[in-house]
Amino acid sequence: MSLLSVRSLRVTYASRSGPVRAVDGMDLEVPAGSITGLVGESGCGKSTLGRALMGVLPDAGRIAGGQVVFEGQDLIPLSESARRAIRWRRMSFIPQTAMNALDPVQRLRGQMLEVLIERGGFSRDRALVRAAELFRMVGLDPVRLADYPHQFSGGMRQRASIALALALEPALVIADEPVTALDVIVQRQVLDVLRELQARLNLAMILVTHDMAVVAYACDRVAVMYAGQVVESGPVEAVLERPLHPYTMGLTHAFPDVHGGSEALVPIEGAPPSLLHPPTGCRFAARCPFAQPRCHAEPPASRALGADHLVACWRAEEAPELRALAATPATWAAA
């Protein structure tokens, strides 16, 4: 059963040239108790989706249509006060850069107590006990609650952000590129913390990233975004080992495989389309080495091929043959 169902969601940003369709007809299912990876290039709409779900879009952004059904309730029609009652209690957020999210002039204890007392209704004594418990949970010494954010390393700040996100025991945590700014060793440590806590607390989590290796390591499911839409989704093993969409095929060959020897990476040539005036057909068609005239003229609908494996591609049935071709750099260079 899905804890969160996103249906035909559209999010736009106002610009002088017209509305920019950052998220355009997106569908996403997030089952309870699982980690769903949201992966794609920069600018594809991943972070916008996370902010739309939390109800914290910037002034220029607005939800233009669709549904966001969380725990059986559509969040879009709710008033700000109703959304505030859900925010952080049932749905919380881990930012990409913890130093920008933490108050630099306030000790961590004060920031933890503010969430626990103001949002959670804890007494001060209970909040102090809970703050220490949360720090131990993420591998930090509670003594460090007396410190300021600048006294923490990058990995420790990210752990503190995780503790803040889990303070009120939400059902869903949205983590927006939580390890991008960290070195690979600390990335592994933070991902291990996230996975261990997700399993222990039976959380659902959306892990936003541009790194397929992070998805392969940490996630149960994955949704691949391109130009504001989900082009492929399903269980991680099925999507990464047997991708059906050419864009997913390209992504799987564009990052190194530690077991794959010295083979050169295969880049996806070109750039994503403008979201101010997106193309008529498949949005990946201009960069796709397998595109046919129909791909440029008619957008493919998402359909199931295999157990819980969805794809929006006219040539998905030919995926085994296309995967072999997609492994060759010359294929993409020709596109």
Side-chain angles (χ1 to χ4, degrees), residues 22-24 37-49 96 176-177 179-184 187-188 191 207-219 222-234 236-279 281-293 295-296 299-300 309 311-316 318-335:
V23 175
D24 196 13
L38 193 62
V39 66
E41 292 170 275
S42 297
C44 71
K46 305 185 304 295
S47 294
T48 292
L49 173 69
Q96 177 174 349
D176 185 11
E177 304 267 13
V179 297
T180 297
L182 307 175
D183 66 69
V184 291
Q187 282 187 15
R188 170 72 177 266
L191 288 174
L207 181 57
V208 177
T209 181
H210 62 268
D211 191 337
M212 295 292 275
V214 168
V215 170
Y217 182 72
C219 298
V222 61
V224 181
M225 282 193 75
Y226 186 77
Q229 299 177 337
V230 172
V231 297
E232 185 168 1
S233 64
V236 162
E237 182 178 352
V239 173
L240 298 190
E241 293 186 5
R242 298 177 298 279
L244 301 175
H245 196 283
Y247 180 60
T248 312
M249 298 175 197
L251 288 180
T252 60
H253 292 296
F255 74 96
D257 181 356
V258 294
H259 303 295
S262 59
E263 290 87 350
L265 300 183
V266 182
I268 301 174
E269 302 292 344
S274 166
L275 295 180
L276 185 63
H277 301 293
C282 173
R283 296 189 176 179
F284 188 58
R287 303 172 71 189
C288 180
F290 313 119
Q292 298 176 335
C295 303
H296 293 275
H309 192 162
V311 62
C313 177
W314 291 119
R315 303 189 66 183
E318 304 172 60
E321 295 80 8
L322 301 184
R323 282 196 290 268
L325 295 171
T328 306
T331 298
W332 297 93

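Here, residue 1 is the first one in the sequence, and each next residue gets the next number.
A donor-acceptor contact shorter than 3.5 Å links the side chain of H245 to the backbone of A312. Checked by atom type and distance alone, the side chain of W332 pairs as donor or acceptor with a backbone atom of A326 at under 3.5 Å. Panel note: side chain E232, backbone P243; no donor-acceptor pair is recorded below 3.5 Å.
Of all heavy-atom pairs spanning V266 and P329, the tightest one is CG1-CA, 3.9 Å. Shortest non-hydrogen contact noted between R315 and L322 is O-CD1, 3.8 Å. Here the closest non-hydrogen pair linking A316 and V311 is CB-CG1, 3.7 Å. A pairwise comparison of heavy atoms in H296 and A286 identifies CE1-N, 4.1 Å as the closest pair. Minimum interatomic distance between A223 and S233 (heavy atoms only, all atoms of both residues): CA-CB, 4.0 Å. When all heavy atoms are compared, the tightest approach of C219 to V236 is O-CG2, 3.4 Å.
Listed by chain and residue number, A330, T331 satisfy the side-chain contact (heavy atoms from CB on, under 4.5 Å) test with T328 (two or more places apart in sequence, or in another chain). Judged as a side-chain contact (heavy atoms from CB on, under 4.5 Å), and not counting sequence neighbours, the contacts of E237 are E241. Every residue was checked against the side-chain hydrogen bond (donor to acceptor under 3.5 Å, both in side chains) condition with Q229, not counting sequence neighbours, and none meets it. Shown here are the side-chain contact (heavy atoms from CB on, under 4.5 Å) partners of L275, two or more places apart in sequence or in another chain: V20, A227, R283. A search for side-chain contact (heavy atoms from CB on, under 4.5 Å) contacts involving E41 returns Y226, Y247, P272, R287, not counting sequence neighbours. For T252, there are no side-chain hydrogen bond (donor to acceptor under 3.5 Å, both in side chains) partners at least two apart in sequence or on another chain.
Here the side chains of F284 and P246 are in contact, with some heavy-atom distance below 4.5 Å.
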Run Y217 and L191 through side chain to side chain contact (heavy atoms under 4.5 Å, CB included) and show every step you take. CA-CA 8 Å; Y217 182 72; L191 288 174; 4.0 Å; yes

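Here CG of D176 is found 8.0 Å from NZ of K46. Values are rounded to the nearest 0.5 Å. In this structure, L38 CG and E177 CD are separated by 9.5 Å, a value rounded to the nearest 0.5 Å. Atoms CD and SG, on E318 and C313 in that order, are 8.5 Å from each other to the nearest 0.5 Å. To the nearest 0.5 Å, the span separating CG on L251 from NE2 on H210 amounts to 11.0 Å.
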